[in-house]
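So the structure is just underneath, and the comments pick up after that.
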Amino acid sequence: MSLDKSIVLAIEDLTVSFDGFKAVDSLNLYVERNELRVIIGPNGAGKTTVLDLICGKTRSTTGSIRFKDIELTRLPEYRIVQAGVGRKFQTPSIYENLSVYENLELSYPAGRGVMGCLTFKRTETIRERIREIASMIFLDDQMETMAGLLSHGQKQWLEIGMLLIQDPELLMLDEPVAGMSVSEREKTAELLNRISAGRSVIVIEHDMEFVKRIAHKVTVLHQGKLLAEGNMESVQHNPKVVEVYLGH
Amino acid sequence: MKSFYENWLGGRDGAVGMLVLAVVIMVAFPLMFDIFRLNLIGKYLTYAFAAVGLVMVWGYGGVLSLGQGVFFGLGGYCIAMFLKLEASDLVSTQHQTTPGIPDFMDWNQLTALPAFWQPFHSLTFAIIAALVLPALFAWVIGVAMFKRRVSGVYFSIITQAVAAILTILVVGQQGYTGGINGITDLKTLHGWNINTTSAKYVLYYVNAVLLLLAIMVCRFVLTSKLGRLLLALRDKEDRVRFSGYDVASFKIFIFCLGAVISAIGGAMFTLQVGFMSPSFVGIVPSIEMVIFAAIGGRTSLIGAVYGTLLVNAGKTAFSESFPQLWLLLMGGLFIGVVMLFPNGVAGLYDGWFKPLVARWKSRRPVMVRVADPLAKSE
Amino acid sequence: GGPPTAKVDATGLAVTDTDVTVGILHSSTGTMAISETGAQEAEKLAISQINAMGGVLGRKIKIVQEDGASDWPTFAEKAKKLLEENHVAAIFGCWTSASRKAVLPVLERDNGLLYYPTFYEGLEQSKNVVYTGQEATQQVFAGLDWVAKTKHAKTFYLIGSDYIWPRTTMKLAREYITRVLHGTVVGEEYAALGSTDFGSTINKIRLKHPDVIYAAVVGGSNVSWFKQLKAAGITGKSQTLLTLSVTEDEAKGIGGENLVGFYSAMKYFESLNTPENQKFVKDFHAMWGPTAPIGDVTQAAYEGPWLWKMAVEKAGSFDTDKVVKAEESGTISFDAPEGMIYLEPNHHLKTRLRIGEWRPDGQADIVYTSPYIMPNPFPKGY
Amino acid sequence: MSDAIFSVSGLNSGYGQSQVLHSLEFSVANREIVAVMGRNGMGKTTLFKTLMGILPGMGGSVRVGEQELVGMETPQRVRSGIAYVPQGRMIFSNMTVLENIQTGLPASAQGIVPEELYALFPVLFDMRGRKGGNLSGGQQQQLAIARALATNPKVLLLDEPTEGIQPSIIKELARTLREIVKLRDLAIVVSEQVLSFTLDAADRFFVIDKGRFVYENVRANVDAQVISGYLSI
Amino acid sequence: MGGYSLSDLWSIVVMQGFSGLSLFSVLLLMALGLAIIFGQMGVINMAHGEFMTIGAYMIYFCSRIVAKYMPGFMPYYFVFAIVVAFVVAFAVGYFVEFLLIRHLYKRPLDTLLATWGLSLIMQQVFRSLFGAREVSPQLPDWLMGAWKATDTIDIPLNGLFVMALSILVTSGVFLFLYRSSWGLKVRATTQNRVMAGAVGINTRLVDRLTFALGCGIAGVAGAAFTTIGSTGPTSGSLYIVDTFLVVAFGGAGSLLGTIFSAFSIAQVQSLLTFFLTNAMGKVTTLLAVIVILMLRPEGLRPNKVRK
Ligand SMILES: Nc1ncnc2c1ncn2[C@@H]1O[C@H](COP(=O)(O)OP(=O)(O)OP(=O)(O)O)[C@@H](O)[C@H]1O
Ligand SMILES: Nc1ncnc2c1ncn2[C@@H]1O[C@H](COP(=O)(O)OP(=O)(O)OP(=O)(O)O)[C@@H](O)[C@H]1O
Ligand SMILES: [Mg+2]
Ligand SMILES: [Mg+2]
């Protein structure tokens, strides 16, 4: 079967079970190019696990994940990344003891081998790119700050920046605005809308206001299975979704 | 030039440190001590290689190797094999049943030189082997462990087991290795008597220069992007992995680098002390090497040298003055350092000397991040 | 006072008109301290007795003590320090072969003197060393003769710790058993140093029913070995066991009750019933306490300072070369606690071998004393 | 307030050299829910850690009833009646859900988890045998709240409790907190950055900015616009 | 195996099986204390061997006292002396935690250095108190004999004793850690000390008693090992490497893992040393451990959760 050109990620019949408990249960999910997809669903629905499966952190029991014709289920993590999949973790995962600049630099996709690292030079192109990304994530005046000293929201942005600099074709964000202040949420929404141009983005989020602002299409998971899929409007009024997730 | 200064010496702080160290070991010590003491210091400085290697592997690579003695020993044995063959010429071994082979082989009824000893007739081979063998061995262990993501204490325990295995093998195969006695009675290097005073001075200086070079190489690695990557690895290994790096290959590299540096120390040990024995391969010396690095400050290359010197000088001084009670003093030293100077000798410098200088220069205090008490300490 | 220093010492040794400095180099710490303590005590006893008698060439002996810390490189370092910094006239010390091998090049280079007290594997003779313990042939052959004869032993099981002394010794023993005694070696086994589990070994031994267990296990393993033997029901009542590595020192650690009926082959036992020995035992206990055990090595260590004194006085000088010449003259003998001993030109002693049968109180009954045995450190054909 | 069960005065705190909280002053009545609102990095977590004695603090007074807590170690404070749900969950990940809850239970409970806790968070009952670390983010948050409630506290401190929790449970949680203070003698302090939850739950509002309270009001008088203003600068 | 009678072979199989089991109980008893201190608390206690030595010396001490003042009590004193060993090692552990360890929970790696120093000091103290030579406590006869199960099968009584003791101690520790509220506190504390404090656990007390308990168990182990091993200032160092190996191989933090690991190491080692030489047996066992750790990077029974 050849992939539809516009489909970047095709998850088919994906299942993973932990000691008999099926966290993801024969899931099918397709993400298109340039699409910003939001996945919602109750706590424990399997959202994070799906991302874990895509980026190779967890290995599937059965099923396939294809990213542009590449089968990801058996690739080592760093190859998946090199293929163009970037992933942000639920809690900010940055190098607290390095500066913002260094955080971004380490994520720049050059010199990824041992020798490459030893001979790596900060060229003007690289510097330029780092500055560009930094201003995109609102951190251009914090370049030399130790990442550990940033506020929670800034850390989240920095991690997004670290992914952006790799220019991935698929970007996955797990609860990017959890713990952010209201204004930061707004800025983040704006940021996501901006970066979804030219790539596909998967976002997991519980903040419905935020979802509304960014989602092209929403997928609802429940107990590892697909519960509903569609635009925000239809999903929000889906009685099943209200029942298990949104509440009355 | 600038990049040499920045990358190999580590900027101003590093260059000053290097300079002080160089003056201390290359000028001050030779002026202060007679050749006997200087030779002792030379011996300590060979351990410093292992400590520097551990700073890289443990301090920066974040994996605690409890088998660093294995590499020190491998390096030392390779050179010792060459020297032993040279010392076992037909004339000096004429009373043996089989003249021309090392004495311990004769005692063990070997009648011919084992094949794996043959190439060690060549000094070039011995030197290459002293560097390549440990690296290769480290690479094998590294690939086996890091590719499988063995880490933390499991890695430590495995390296310890490797040290135990090697000791048992070396001790058990005494016909081939000299057993527990080791390879003793080494005399000349290409006809050059290594036991004369002048030879000792030469070896001391060669050793000192090599040590400084080793530190510079490590500096270079640490100031390169790889150094920052190592820092990142210790911080968030998963993030590094998901930034597209093959984490294992970096750990393997650093482990091999540490191994080679330790091996140079072992080789220099053999030359300066005139023998090599399995008591460097085993678990206890490996732990002692960790202690040198820890006393030095774990993440300080130069600190490792001072740490090694401090511990060994303490050991020698205490045991000469109090042959019956010196263990108490050594134990006290270790505990004292841990309790009072959590970051070792380097911490003493960073935490006390530097702020003093900074205050003296009345710089603004920099904002530091206090470790979050709720975060798990691991 | 004796002759002036300029006459007795031409080599810059630490000799003055009133005293002479020697070194004692044993392990005070680490795993070997257990064994080396006795030797150290005996050397100090001998030196204090010699000093009480007026010293050597009219000079009182002063001691510099160093700790080898059970670590061979440390032994080499400390020997070097004693010779190059303290300029000692002689060193009494070392216990393991490995420490001696480490010290040997230092001695030869700096032309020092070492008095080495332990029974050992032989295959060595240095002009700078006097070996006051037995070399392997002295300890092995007569003992094997004795078991073969009195116990009509035909089958032997050899077990030792895994290092050079047991391995070399067992090699001699195997040759002797098969070639001279026409017996068979039914098993040969080496336990890693420090191993504490002998379950499998003991089961293997059972399977073979040997007439004699011939043992050379050392250190902490030794205690485990005998305790586990006893617990497995293998005791002196039912099994002949001849060991080369149990002296009164070890017996104290093993516990006499675990050794009863087993035999040791040594040149000396504390229970030796001669006036010289009784005086020695009395003096030793007066100095180091009534419960301090005196083993073979302890006694051999005691001989060191005395032999040195005799050699120095014969040479009329502390000068190493002259002392060595005196030692090699073949005329030095000493009425030691073990009986008369003769220093042979090959730097080893001509002595007797004794077989002791262990009693519950940690002492041995001497059941056999051999004639004098010439030291033969390089036996041909083994 | 006279019937204050929890009162804080002159509280200063910070990290190392830098002071974060500046003489905070507030009290909470029994059966009252107080919300501390504030943007990122304004000192909410610092406040809670100081109250718990996890950060040493730089002076001031913290009282539960008549008892002064300053100077006490953290566990003593807990025994004096405060309980804490930290930001970022901090559950014991190698222990089962049940065991996690049990760590909070007083000795008198003999390890039996009160029904009401499970009623509140049914998922915890279903997963009581699973390792805490294997739970999803939201499930862990629920567990952390349950663990704190299990200590049967007089004062409950919740640091951004809604982070990562699904909307229906957030609504449920607000209802439940109100329920709990109705049933039990309990005062609740909850920190949040978003208004919707606290508007449902809290009786009184504080806004913290750079370590100082800049706004205080009771619900009846609260102007959501004003608070939102503070929260979205 | 030609040349041996069938009954011979049978009895060897039985006795060999038994020596595997008794090695298992020795390893287990050694490892239990460390499984608590290292496995649970994360303290790399290099002085663990010395705590065992305390136990061994306590047996010696008691045996001397009893032999001198109450010779009639001699056959029974051993059991009593084990309790003394526990109490003394526990007390020493209590103080060591107070003076040293509690300052180091935030930097677990430094415990290696500090406890190494501690072990040197303890060795010197033993040497000063009891002399540099090995000592031999007088053991009751009933303990040192063999039970003649059949004509050709002798089962060592000390092995049975150690086995019984290790079953006892293991079940004690198991109940303590997994069935008591105290154990819950221990596990919570060791996972996150600050958070445990924040749910009301007196972490200082928990830490101190837990560490002391681990030391006490080491004391019991040392006491029991007087029946099979030596008692001298450095005796403990004979056990320390194996002890760490067993705990780590099991998967730190898992008591069941420790039991499995002791069992498998013991059986493999005892089998291999029977068929190979002693040294090669040991080498092969270590190699097997390495290979298995490679396949299971977090020990036999990893205590793994998702990160
Ligand atoms: N390693 C594991 N072992 C056992 N159960 C697991 C494991 N990993 C995940 N689970 C279970 O799988 C389910 C899905 O977890 P997941 O983290 O994917 O949920 P989620 O949708 O991200 O929830 P949330 O919104 O709360 O973050 C949960 O019930 C969790 O307990
Ligand atoms: N470990 C630390 N070391 C030094 N400063 C810190 C540390 N933790 C927090 N701070 C500083 O203290 C201030 C208050 O932080 P705090 O965590 O209390 O904020 P918060 O209101 O809880 O924010 P958030 O909404 O992000 O949780 C911030 O400016 C922060 O930079
Ligand atoms: Mg999730
Ligand atoms: Mg906060």
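This is a predicted model, so every value here is computed, not measured. The chains referred to below are lettered A, B, ... by the order of the sequence lines, with proteins before strands, and numbering in each begins at 1.
- For B/Tyr176, the OH atom counts as loosely surrounded, since its 6.0 Å shell holds 12 or fewer non-hydrogen atoms of other residues, nucleotides or ligands.
- No more than 12 heavy atoms of other residues, nucleotides or ligands lie within 6.0 Å of CZ in B/Phe322, so this atom counts as exposed by the packing criterion.
- Looking at B/Ile180 and C/Leu193, their side chains come closer than 4.5 Å, going by heavy atoms from C-beta outward.
- Both the backbone and the side chain of C/Ile164 come within less than 4.5 Å of a heavy atom in chain B.
- With a 4.5 Å cut-off on non-hydrogen atoms, C/Glu85 touches chain B through its side chain but not through its backbone.
- Proximity to chain B (any heavy atom under 4.5 Å) is restricted, for C/Glu84, to the side chain, taken from C-beta onward.
- At a 4.5 Å heavy-atom cutoff, the contact between B/Asn39 and chain C is made by side-chain atoms alone.
- Between B/Trp326 and C/Asp67, the shortest heavy-atom distance links the atoms NE1-OD2, 2.5 Å.
- With rounding to the nearest 0.5 Å, the separation of NZ in B/Lys43 from NZ in C/Lys80 is 8.0 Å.
- Not one N or O on the side chain of B/Trp107 forms a donor-acceptor pair closer than 3.5 Å with the backbone of C/Glu124.
- Heavy-atom distances place the side chain of C/Gln40, and not its backbone, under 4.5 Å from chain B.
- Residue contact with chain C, scored on non-hydrogen atoms closer than 4.5 Å, is absent for B/Thr97.
- Here the straight-line distance linking atom CD of B/Glu288 with atom CG of C/Asp71 works out to 7.5 Å at 0.5 Å rounding.
- Atoms CD and CD, on C/Glu175 and B/Gln109 in that order, are 8.0 Å from each other to the nearest 0.5 Å.
- Between chain C and the residues B/Ile168, B/Asn195, B/Thr184, the largest count of heavy-atom pairs under 4.5 Å involves B/Asn195.
- More than 12 heavy atoms of other residues, nucleotides or ligands sit less than 6.0 Å from atom NZ of C/Lys127.
- Scanning both residues, B/Pro323 and C/Gln65, for their nearest heavy atoms gives CG-O, 3.7 Å.
- Scanning all heavy atoms of the two residues, the minimum distance from B/Phe275 to C/Ala76 falls at CE2-CB, 3.8 Å.
- For the set B/Asp185, B/Leu186, B/Asp103, the count of heavy-atom pairs under 4.5 angstrom toward chain C peaks at B/Asp185.
- Residue C/Asp162 comes nearest to B/Val171 through the heavy atom pair O-CG1, 3.0 Å, listed as atom of the first residue, atom of the second, then distance.
- Looking at B/Asp106, neither its backbone nor its side chain comes within 4.5 Å of chain C, counting heavy atoms on both sides.
- Residue C/Tyr163 touches chain B through both its backbone and its side chain, counting heavy-atom pairs closer than 4.5 Å.
- Contacts between B/Ser277 and chain C at a heavy-atom distance below 4.5 Å involve the side chain alone, from C-beta outward.
- When heavy atoms are compared at a cutoff of 4.5 Å, B/Phe104 does not approach chain C at all.
- Heavy atoms of B/Lys187 lying under 4.5 Å from chain C are absent altogether.
- In terms of heavy atoms, C/Lys101 sits closest to B/Asn181 at CG-ND2, 3.4 Å.
- Remark: C/Trp72 CH2 to B/Met276 CE distance equals 14.0 Å, nearest 0.5 Å.
- For a residue to count as touching a neighbouring chain, one of its non-hydrogen atoms must lie under 4.5 Å from one of that chain's; by this rule B/Gln174 touches chain C with the side chain only.
- Looking at B/Leu327, the atoms closer than 4.5 Å to chain C (heavy atoms on both sides) all sit in the side chain, from C-beta outward.
- Residue C/Lys81 touches chain B through both its backbone and its side chain, counting heavy-atom pairs closer than 4.5 Å.
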- [ ] Just do the side chain to side chain donor-acceptor pair (under 3.5 Å) check on B/Lys315 and C/Thr74 with the steps written out, would you?
- [x] CA-CA 10 Å; B/Lys315 197 167 170 177; C/Thr74 306; 5.4 Å; no

